[in-house]
2 protein chains.
Amino acid sequence: MSVTIKDVARIAGVSPSTVSRVISNHPRISRATADKVRKIMSDLDYHPNIMAQSLVSKTTNTIAIILPRPAEELFLNLFFAEVIRGIVSQTSKAGYDLLMTSGSSQREEVEAITRLVRGRRIDGVLLLHSRNNDPLIAFLREENFPFVLIGRSPDDQEVLSVDTDNVQASYDAVMHLVMQRHERIGFVNGPPNLTVSQDRMAGYRKALQEQGLEGKPEWIVEGEFLQESGYRAMSFLMNLSERPTALVVTDDVVTFGVLRGLIELGYKVPEDIALVSFNNIALAEMSTPPISSIDIGIYQLGYTASHALLASIQNEGEGKKRVIIPHRLVVRESSLQK
Amino acid sequence: MSVTIKDVARIAGVSPSTVSRVISNHPRISRATADKVRKIMSDLDYHPNIMAQSLVSKTTNTIAIILPRPAEELFLNLFFAEVIRGIVSQTSKAGYDLLMTSGSSQREEVEAITRLVRGRRIDGVLLLHSRNNDPLIAFLREENFPFVLIGRSPDDQEVLSVDTDNVQASYDAVMHLVMQRHERIGFVNGPPNLTVSQDRMAGYRKALQEQGLEGKPEWIVEGEFLQESGYRAMSFLMNLSERPTALVVTDDVVTFGVLRGLIELGYKVPEDIALVSFNNIALAEMSTPPISSIDIGIYQLGYTASHALLASIQNEGEGKKRVIIPHRLVVRESSLQK
DNA sequence: CTGAAAGCGCTAACAA
DNA sequence: TTGTTAGCGCTTTCAG
């Protein structure tokens, strides 16, 4: 079969434990033996069996994430790829691997994670979002298993998390529209059970209230992170007798749908209605008109969360409970009065 | 620590090997014992240690993919998320996990895969693309390690692969433009070292030739799978003394850049210039104008490749060497003469 | 149908 | 500084 530590030991004329020590850079090993062993290892093209290492060391150098389920969180198509890039760039620098799993229901997700956690397959978990009464968070806390949430846990302040200040971001979006002299501002939001949606709603409400602006309930549309959601929202919103003159939209992809809907209905952006949205995906800049968007630093979210998770695995505690990645509004044509 | 097979055995009053047999649904085990043991397992919330299982079974129920590196293959932002979804839906159905790794250079990629393969960490590898003289393919072949390529290997016919017929797809795109009475057709392609780019170029050339159409070299622009590439290509193409009246673009994201470039230069699509592209991402439909695009079935590519890989892992050979996922042109406004 | 025992490849006391 | 030994948790002959 494949070459083992024993083969190396035999050929180098040392004991297996010596080889093991060389592998792990044990300090108390003579320079000469180390070099000799290393030479043999590379001659034989030896690579340690990772499973065997894990079995005894009780650590896997692997963290897991759960692939978002379709539909409900499909916005993650873009968010997802970017956040993954951030995560992997951090983990691979630290010598960790990333395991991806999925479940087609909430229950299956918990089962999958249970299998990995109890099966000692992974050292930590990265959660890409949270909702009210999230059973995954409950499970991980109960197991006292290292995990970091990208987002905010509504039920539990003690959860390690890396997040955007979505209340503030949403507030900022509204204020930008207010500065452009808009007074009737609507909101196209995502699924209301997600924490991110709740926070952005709160920021929107806060801004309206502080500015003494009227907020008609029918100006708020809740949907999914899909372009169709934005598209459909327009046929509803633009049929109101009293229409908003500006919209905050919770995701750029949704904004693409919004734009398409408006164009088909014969409206112009920003003349008839101004738009600001979130995430600042690369395509936002290439849209017609280019979309004003709040850049939440998706890559940074992934990178930082991953870093925090590894720290928590290695230090058993310590560290800030909650890290906020700063956001910034990138103003483009879609929200500018001519 | 955590509950092991011995704990279960002791409490159930049987031997560890009996418990092991229950876990693996060994046939020669009495119904009564099996039920008893299963009950205890669930009472104790026992989950087998996956590393220990792997160590002895020499199989990991895990396959790996390599995260594409930035820039060069960034188009995979969208392709990537979709293909992953296809892969995971297949693997998780079959009880496999997906491991993601990355390298910031070609050499690092090979190192990462070497570590996983020789370290017996994974059972197979899924490659998301190929280029000429791909060292990863060379390594995997040499190790005789199961892998499936999404794409086509230019150097090696024997590689298991799942692919689009890119020559034909590109040919179809050109022919669609020909049907719309275009005679001056340009091509905005991706990185020329990728097989996919080479194949699409071949299809483009073949169609022009068959139709006896002139193909000016300056109508072909090679770039990356980025919107900027498309954007930049336009300032070049539209400054030519003799301009094309239609373009085939290798990716929808690039097309967004192309559109933006054209609009800023004051051209209208499709009146001044018609566009057809590839991939049919969800946003293609929401663009202004909506983009005609060849749907290559990205999810299906991932799903099928993953299936083929698992089959190859389990059957040691057999099966078709090369599977083609059918494509279809979705015609929208960007390519229609009014 | 079930148990005892050996061993997968590696690490980590404990000795030397 | 290095070797010996005893496992990590599981599977799998081989006996019974």
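What you see below is based on every heavy atom in this structure, not just the backbone, and it leaves out hydrogens, waters and symmetry mates. Every chain is numbered from 1, with letters handed out A, B, ... down the list of sequences.
Straight-line distance from the NZ atom of A:Lys36 to the C1' atom of D:dT2: 11 Å, rounded to whole Å. Residue A:Asn25 contributes atom CG, which lies 15 Å from atom C1' of C:dT11 at whole-angstrom precision. Going from atom CG of A:Asp35 over to atom P of D:dT1 covers 14 Å, rounded to whole Å. Between B:His26 atom NE2 and C:dC1 atom P there is a gap of 9 Å when expressed in whole angstrom units. In this structure, CG of B:Asp7 is placed 11 Å from P of D:dC8, rounded to the nearest angstrom. The interatomic distance linking B:Ile5 (CD1) with D:dG9 (C1') rounds to 7 Å, in whole Å. In this structure, B:Met51 atom CE and C:dT11 atom P are separated by 14 Å, rounded to whole Å. As a whole-Å value, the separation of A:Arg118 CZ from D:dG9 P is 13 Å.
With contacts defined as side-chain heavy-atom distances shorter than 4.5 Å, the pair B:Tyr303/B:Ile325 does not qualify. Side-chain contact between B:Asn61 and B:Ile50 is absent, with no heavy atoms from C-beta onward closer than 4.5 Å.
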*Could you write nucleotides 3-8 of chain C as a row of B, S and -, 5' to 3', where a protein heavy atom under 4.0 Å of any base atom gives B, of only sugar-phosphate atoms gives S, and otherwise -?*
BB---B
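Residue B:Ser54 is out of contact with every strand shown, counting any heavy-atom pair closer than 4.0 Å.
The side chain of B:Thr33 places an N or O atom within less than 4.0 Å of a non-bridging phosphate oxygen (OP1 or OP2) of C:dT2. Remark: A:Gln53 is not in phosphate contact with C:dG9, judged by side-chain N or O atoms under 4.0 Å from OP1 or OP2. Considering only side-chain N and O atoms, A:Ser30 lies under 4.0 angstrom from the phosphate OP1 or OP2 of D:dT2.
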*asked:* Would A:Ser15 and A:Thr18 count as a side chain to side chain donor-acceptor pair (under 3.5 Å) here? Give the steps.
replied: CA-CA 5 Å; A:Ser15 79; A:Thr18 301; 3.3 Å; yes
*Full working for side-chain contact (heavy atoms from CB on, under 4.5 Å) between A:Leu160 and A:Lys321*: CA-CA 5 Å; A:Leu160 287 183; A:Lys321 288 284 181 241; 4.2 Å; yes
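Applying the side-chain contact (heavy atoms from CB on, under 4.5 Å) test between A:Ser161 and each of A:Thr195, A:Ile324, A:Val323, A:Leu149 identifies A:Leu149 as the sole match. With A:Leu127 as the partner, the side-chain contact (heavy atoms from CB on, under 4.5 Å) test is satisfied by one option alone out of A:Ile66, A:Ile113, A:Ile65, A:Val148: A:Ile66.
Between the axis at the start and the axis at the end of the helix from C:dC1-D:dG16 to C:dA16-D:dT1 there is an angle of 40°, using five pairs per end and rounding to 10 degrees.
For the pair A:Arg115 and B:Asp97, the salt-bridge criterion is met [side-chain N within less than 4.0 Å of a carboxylate O]. Checked for salt-bridge contact, B:Arg31 and B:Asp35 meet the test: a charged N lies under 4.0 Å from a carboxylate O.
Considering only residues two or more places apart in sequence or on other chains, B:Arg38 meets the side chain to side chain donor-acceptor pair (under 3.5 Å) condition with none of them.
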